[in-house]
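All values below were derived from every heavy atom in this structure, side-chain atoms included, with hydrogens, water molecules and symmetry-related copies excluded. To find a chain, count down the sequence lines: A is the first, B the second, and so on, and within it residues start at 1.
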There are 2 protein chains.
Amino acid sequence: MKAFKIPEATVMRLSVYSRFLEQADRHGIIIVSSGDIAEGVGVSPAQVRKDLAYFGEFGTRGVGYNVSSLYQQIRRILGLNREWLVVLVGAGKLGSALARYQGFLSRGFRIIGVFDNDPKQFGRKLNGTTIMPISQLDEVVQREGVEIGIITVPAGAAQEVADRLAAAGIKAILNFSPRVLNVPSRIVVRSVDFSVNLEVLTFNLGLNTNKGL
Amino acid sequence: MKAFKIPEATVMRLSVYSRFLEQADRHGIIIVSSGDIAEGVGVSPAQVRKDLAYFGEFGTRGVGYNVSSLYQQIRRILGLNREWLVVLVGAGKLGSALARYQGFLSRGFRIIGVFDNDPKQFGRKLNGTTIMPISQLDEVVQREGVEIGIITVPAGAAQEVADRLAAAGIKAILNFSPRVLNVPSRIVVRSVDFSVNLEVLTFNLGLNTNKGL
DNA sequence: GACTGTGAAGCCATTCACAGCT
DNA sequence: AGCTGTGAATGGCTTCACAGTC
């Protein structure tokens, strides 16, 4: 309940627990134990309890956790009890795929603007929004009070886009380019790098074959 | 140099270093210090040296690291000094975007098969490969000796696809569905969950506004 | 003088083990 | 009896600080 300095790993797991609970709720399950959650998401029961303990006491000793109430609590903790406005910069293949991904909307993320620097893209419709030139980024972010920006441009353009998002007053950036971004420290940044993930796989595959040392 | 039990965080950073070095090399830079790398990728110099020390001595005291030689060494460590064959299951928006992503090929990952269960997709060309029915997964994986599978199907189908990949003899899976997969322990799995990443952002944004404590 | 490589220290996250409820 | 909540113990990663080398 003291709530400061929460491990990032804990926050990530909470997000995973929330989806497990959403699923369980949909299946009509009323009560789960830390062991049930643990098994469902592949961690230890103690880990589940410890993660939750950072934020309060949500269970009943001897019984377990009420699925729908815990689900709501975790959503609240993660800040998902409201809608978040999102802009996406880079309407290439990946950007278009993300813009159309329904999973975001269902969890409260609404992409209200998609931007690109290619005039051939301008005006193209993408899941309800129209692709706009980057020059309009500032105006849209400020007019709508957008807080989250997603970057799906090639590596070479990523820093410049991050600068523009920062200047427009965005508060958080999810970066899909394989590039470390430099932004003011008030902005929260996370990077998702596909190649890094593939390369962790090949490293581990190599360990098995090169029993060399 | 004993090299066992390498922290996963180290492996992920090596991948990031390798891209920094690739970039530096392209700019004609011959020597970098741990401080240069650290600054470029946003970690501490000591961290860079420690990460490299797990695998050997690659630098020259008083001087630094030779960019192209260190780059090659890291590629070797990560298992990138060879080509990796990849199949991708799920030719939806995200799968199509990934299949066309040139960054994979340039780092040695060749997607040689794309599979789907929608007959309307069969035969459609995607960046050189033709989309095939899932029933052919086994045959292609075994004939070509494919080692890596990428899952880009909706959550509901992910476990079934993982089972098929496992049965076909795949060695590693990169999972983009928001679902924890159950696979035999010989298979290396990593999951990339977009919502988790967004939700870590909203959690952090919430901390700033709820100055509650 | 500059920078690497590394044992030791410090810090943070996970697991253990049990007291506390129901 | 069963399961949560939690202090204590453990384990692992990161930082420090300096000896070693060019």
Side-chain angles (χ1 to χ4, degrees), chain A residues 1-17 20-21 24 29-67 69-71 73-74 77 196 200 203-204 207, chain B residues 1-17 20-21 24 29-67 69-71 73-74 77 196 200 203-204 207:
Chain A
M1 191 175 287
K2 278 283 82 192
F4 255 64
K5 232 26 215 152
I6 308 297
E8 177 165 297
T10 288
V11 179
M12 297 181 71
R13 283 190 297 267
L14 286 178
S15 171
V16 176
Y17 302 160
F20 174 83
L21 293 166
I29 296 167
I30 307 295
I31 299 282
V32 291
S33 68
S34 58
D36 296 334
I37 299 174
E39 187 179 349
V41 308
V43 303
S44 74
Q47 182 77 80
V48 172
R49 295 200 298 277
K50 194 56 123 186
D51 285 338
L52 296 173
Y54 282 109
F55 301 96
E57 308 192 358
F58 304 113
T60 309
R61 294 174 188 220
V63 180
Y65 303 90
N66 177 286
V67 171
S69 127
L70 183 59
Y71 174 61
Q73 292 288 348
I74 293 180
I77 292 164
V196 167
V200 173
F203 173 82
N204 285 299
L207 283 187
Chain B
M1 189 172 284
K2 272 283 85 187
F4 258 64
K5 232 26 213 153
I6 307 296
E8 177 164 296
T10 290
V11 179
M12 296 181 71
R13 283 190 297 266
L14 286 178
S15 171
V16 176
Y17 302 160
F20 174 83
L21 293 167
I29 296 167
I30 307 296
I31 300 281
V32 290
S33 67
S34 58
D36 295 334
I37 299 174
E39 187 179 350
V41 308
V43 302
S44 73
Q47 182 77 81
V48 172
R49 296 199 298 276
K50 197 52 127 190
D51 286 338
L52 296 174
Y54 282 110
F55 302 96
E57 307 192 358
F58 304 114
T60 308
R61 294 175 189 219
V63 181
Y65 302 90
N66 176 286
V67 171
S69 129
L70 182 59
Y71 173 61
Q73 292 289 347
I74 293 180
I77 291 165
V196 167
V200 173
F203 172 81
N204 285 299
L207 282 189

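Looking at P7(A) and Y54(A), their side chains come closer than 4.5 Å, going by heavy atoms from C-beta outward. A heavy-atom distance below 4.5 Å is found between the side chains of I74(B) and L52(B).
One can place CZ of F55(B) at 18 Å from P of dT4(C), the figure rounded to the nearest angstrom. As a whole-Å value, the separation of D51(A) CG from dT15(C) C1' is 12 Å. The distance between atom CG of D36(B) and atom P of dA2(C), rounded to the nearest whole Å, is 14 Å.
Mapping G62(A) and P7(A) onto DNA chain C via the closest heavy atom, the residue that lands nearer the 5' end is P7(A). Residues G64(A) and R61(B) both approach DNA chain D. Their nearest nucleotides, taken by heavy-atom distance, put G64(A) toward the 5′ side.
The span of DNA chain D lying next to chain B, judged by atoms under 4.0 Å from heavy atoms, is bounded 5' to 3' by dC13(D) to dC22(D).
One finds a side-chain N or O of S34(B) lying less than 4.0 angstrom from the OP1 or OP2 phosphate oxygen of dT4(C). Considering only side-chain N and O atoms, Y65(B) lies nowhere under 4.0 angstrom from the phosphate OP1 or OP2 of dA2(C). The phosphate of dA13(C) (OP1 or OP2) has no side-chain N or O of Q47(A) nearer than 4.0 angstrom.
Looking at every heavy atom in both residues, V48(A) comes nearest to S34(A) through CG2-O, 3.9 Å. Residues N204(B) and V200(B) come closest through the heavy atom pair ND2-O, 2.8 Å. Minimum heavy-atom separation, A38(A) to P45(A): CB-N, 3.5 Å.
Partners of I30(B) according to the side-chain contact (heavy atoms from CB on, under 4.5 Å) rule, which considers only residues two or more places apart in sequence or in another chain, are N66(B). With sequence neighbours excluded, the residues forming a side-chain hydrogen bond (donor to acceptor under 3.5 Å, both in side chains) with Y17(A) are D51(A), listed by chain and number. Applying the side-chain contact (heavy atoms from CB on, under 4.5 Å) rule to T60(A) yields the partners V63(A); only residues at least two apart in sequence or on another chain are considered.
Put simply, the side chain of R49(B) and the base of dG5(C) share a donor and an acceptor less than 3.5 Å apart.
Within the structure, no pair that satisfies the salt bridge (Lys or Arg N to Asp or Glu O under 4.0 Å) test touches residues 32-50 of chain A, not counting sequence neighbours.
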What protein N or O atoms touch nucleotides 8-11 of chain C N or O atoms at under 3.5 angstrom, if any, and at what distances?
none

